[in-house]
Amino acid sequence: MTVRVAWALSDGRRGVENQALGLAEAIAQLTPLKVMRQHLTLPSPWRFAPTALAPSGAARAALERLMVDGPPPDIIIGCGRQAALATIEARRLNPAPFRVQIQRPRAPLRLFDLVIPPAHDLLAGDNVVEIIGAPGRLTKAGVADAAASLDPAYLAAPRPRVAALIGGPGKAHAFSVADQTAIRAALNVLAETGWTLFVTTSRRTPAAFGEELARAFGDPPHRVHVAMNGRAANPYPGVLGLVDAAFVTADSVNMASEAATVGLPVSVMPVSRKPFASRKLDRFHTALIERGAAKWFDGDLTARSAPPPFDETARAAEVVLARWRAHDSWKRT
């Protein structure tokens, strides 16, 4: 049996890397595939330069360094700007792999075999397959397994349970003090109406607000605070596996995508936008709501029917595999 090699290529940032790994792992569920995590960092100043200005030689040299430590890739799944430069240059490898780029590459689409952008980027082309949100590594089975291994205090928390996924300032959202006050008030309402809160903060959450939430919603066990702080034993996947609903602030694509993918009813908490900011996230939330996978938070998490199946990572994996099988690179291996 032929086992092909997939590189999940990124600059190593967790949110970017997880998108490449998630899509590669989903393809591996469909065909024998060895998934290799590959990190690539271009030398300064090219790592900061626009894609169109960075020299191809820098990306080619980085690719050659990666080739030293393992088998050549049959498929490269890149995510992020630096990975896009290397994915473009991979066409010069012999044999050339099938080249997939997640997110908008900010380079001519013809330089890739397939591009998987979020639908809210409004990107179109013959080799473009849009998805709602972002691909990821979480699955229903995976979060259920993670939940079973959590500390007994988590498992003993009374139902109904909600994962409150709190983000922070971003390109489009200021996450102002008024926003933080509204989020705190919404969580108070949920707690007062009988919901067990598993409150998680992200790396973007303002430190003072995270500390405020920890004081308000920490122990005793009926209100549990969990910090998404990058520890190896991050309880976040397990939390998604033991709750009945998700409350997600509107500044994040990944958190809402992940909660919807594992089958949770998702309520999105509005956050004020920065002046003149892009409306990409607005388009994302509209698409998620139109699919029946989310609603705007209205104070009530119970007035929801079960959400329809939503797994854009698996859908993208099926398309990638079909396109790859029809490509010359598949026939060579």
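This is a predicted model, so every value here is computed, not measured.
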Side-chain heavy-atom pair [X], [Y] within 4.5 angstrom cut-off:
| X | Y | answer |
| --- | --- | --- |
| P105 | V115 | yes |
| R99 | L114 | no |
| R159 | W195 | no |

Quick one: do L213 and V271 end up in the same hydrophobic cluster if we chain Ile, Leu, Val, Met, Phe, Trp and Tyr together by side-chain heavy atoms under 4.5 Å apart?
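Hydrophobic grouping puts L213 with V271.
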Taking [X] for its side chain and [Y] for its backbone only, find out whether a donor-acceptor pair lies under 3.5 Å.
| X | Y | value |
| --- | --- | --- |
| R273 | S278 | yes |
| D121 | L123 | no |
| D11 | L40 | no |
| T196 | P158 | yes |
| E312 | I132 | yes |
| D244 | P160 | no |
| H327 | S329 | yes |
| T205 | T201 | no |
| R315 | D311 | no |
| K274 | G170 | yes |

Can [X] and [Y] be counted as having a side-chain donor-acceptor contact under 3.5 angstrom?
| X | Y | value |
| --- | --- | --- |
| N254 | S257 | no |
| S272 | D179 | yes |
| H39 | E17 | yes |

Parallel, tilted or perpendicular: ring planes of H120 versus F284, cut at 30 and 60 degrees:
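Aromatic pair H120/F284 classed perpendicular.
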Tell me every residue that passes side-chain contact (heavy atoms from CB on, under 4.5 Å) with D145, counting only those two or more places apart in sequence or in another chain.
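Counting only residues at least two positions away or on another chain, D145 forms no side-chain contact (heavy atoms from CB on, under 4.5 Å).
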Taking the six-membered ring of W330 (Phe, Tyr or Trp), confirm whether the NZ or CZ of R4 is under 6.0 Å from its centre and within 45° of its axis.
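Flagged: R4 positioned over aromatic ring of W330.
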Given a cutoff of under 4.5 Å between side-chain heavy atoms of I, L, V, M, F, W and Y, with clusters grown through shared members, what are the other residues clustered with L122?
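L122 shares its hydrophobic cluster with no other residue.
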What residues, two or more places apart in sequence or in another chain, satisfy ring-ring contact (aromatic ring centres under 6.0 Å, His included) together with F247?
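ring-ring contact (aromatic ring centres under 6.0 Å, His included) list for F247, sorted by chain: F297.
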